[in-house]
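Order of appearance sets the numbers: ligands from 1, and atoms from 1 within every ligand.
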Amino acid sequence: MGVLEVVVTAVWVMLPAYVPNNAAVLAGGGRPLDAGRTLGGARLLGDGKTWRGLAAGWLAGLAVALVLDTLRVDIADAVGVDLPGFPLAVVVLFPLGAMLGDVGASFVKRRTGRERGAPFPGVDQLDFVLGSLPLALVAAPSWFLDTFTPGVVGVVLVVTPVLHVLTNGLAYLAGLKTEPY
Ligand code: CTP
Ligand code: MG
């Protein structure tokens, strides 16, 4: 695979893990996952992790994976890249992993004295990758190893922070997010 093909494959396969975060920002609010509980004087997760955000993010990612599967052959023909499909277990668990990675990052942020919304460079940009890839591996091991070649993983680690900074900056400018990260 050439570099361009690897980049196209990486972005394609990560879309169901990218969209949940943005959906959570749009739909989030209401009861926090931690129900206000604290640990060592700080919130367990904080008010930025809600049930509605988790559910909306998960369902949005699931829907994206289903839609991509139906469009796959046409898009693959159009761009000339043999794009991977999404097995059902991956459709379900991959976006859930993205949301759980985000929850895990908030847990770490609260334990390290960072208030809700405080930036944590690197972690904010890659938490959903760290959550989604392991769950995809569990969901479909051989699909995972075929799809996430070392080249694809490398591109994901480089391209994800760039896309994250861009989309969050846009969401901030559009007034959808209170911080640009
Ligand atoms: N959100 C949510 N539920 C989630 C994830 C996100 O409701 N499970 C919403 C919240 O309104 C949150 C916003 O999306 O404020 C932005 O998400 P994120 O940046 O992950 O949360 P922060 O508010 O920055 O909090 P944290 O410091 O814990 O990351
Ligand atoms: Mg944040």
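Test R110, K49, R43 against D34 for side chain to side chain donor-acceptor pair (under 3.5 Å) and you get one pass: R43.
For ligand 1, the atoms lying closer than 4.0 Å to a non-hydrogen atom of K177 are 19 (O). Less than 4.0 angstrom separates some heavy atom of G29 from each of these atoms of ligand 1: 7 (O). Annotation for ligand 1: atoms under 4.0 Å from non-hydrogen atoms of D102 are 5 (C), 20 (O). Which parts of ligand 1 touch T50 is read off a 4.0 Å heavy-atom cut-off, strictly below it: atoms 2 (C), 3 (N), 4 (C), 7 (O), 8 (N). Residue-ligand proximity, G117 to ligand 1, at heavy-atom distances under 4.0 Å covers atoms 22 (P), 24 (O), 25 (O), 26 (P), 27 (O). Counting atoms of ligand 1 from 1 in the listed order, those under 4.0 Å from a heavy atom of K109 are 26 (P), 27 (O), 29 (O).
For a threshold of 3.5 Å applied to N or O pairs, the pair formed by R116 and ligand 1 contains at least one separation below that value. No N or O atom of M99 sits closer than 3.5 Å to an N or O atom of ligand 1. Of the N or O atoms in N21, none lie within a sub-3.5 Å distance of an N or O in ligand 1. Not a single N or O atom of D124, backbone or side chain, sits closer than 3.5 Å to an N or O atom of ligand 1. Checking only distances, G48 does come within under 3.5 Å of ligand 1, N or O to N or O. By the 3.5 Å distance cut-off applied to N or O atoms, R110 is counted among the residues near ligand 1.
Annotation: side chain of V92 is in contact with side chain of W58 (closest heavy-atom distance under 4.5 Å). Between L33 and L54 there is a side-chain heavy-atom pair separated by less than 4.5 Å.
Note on ligand 1: G46 sits outside its first shell, no heavy atom being nearer than 4.0 Å. Heavy atoms of R114 come nearer than 4.0 angstrom to ligand 1 in no pair at all.
Side-chain polar atoms of R52 and T50 form no donor-acceptor pair below 3.5 angstrom.
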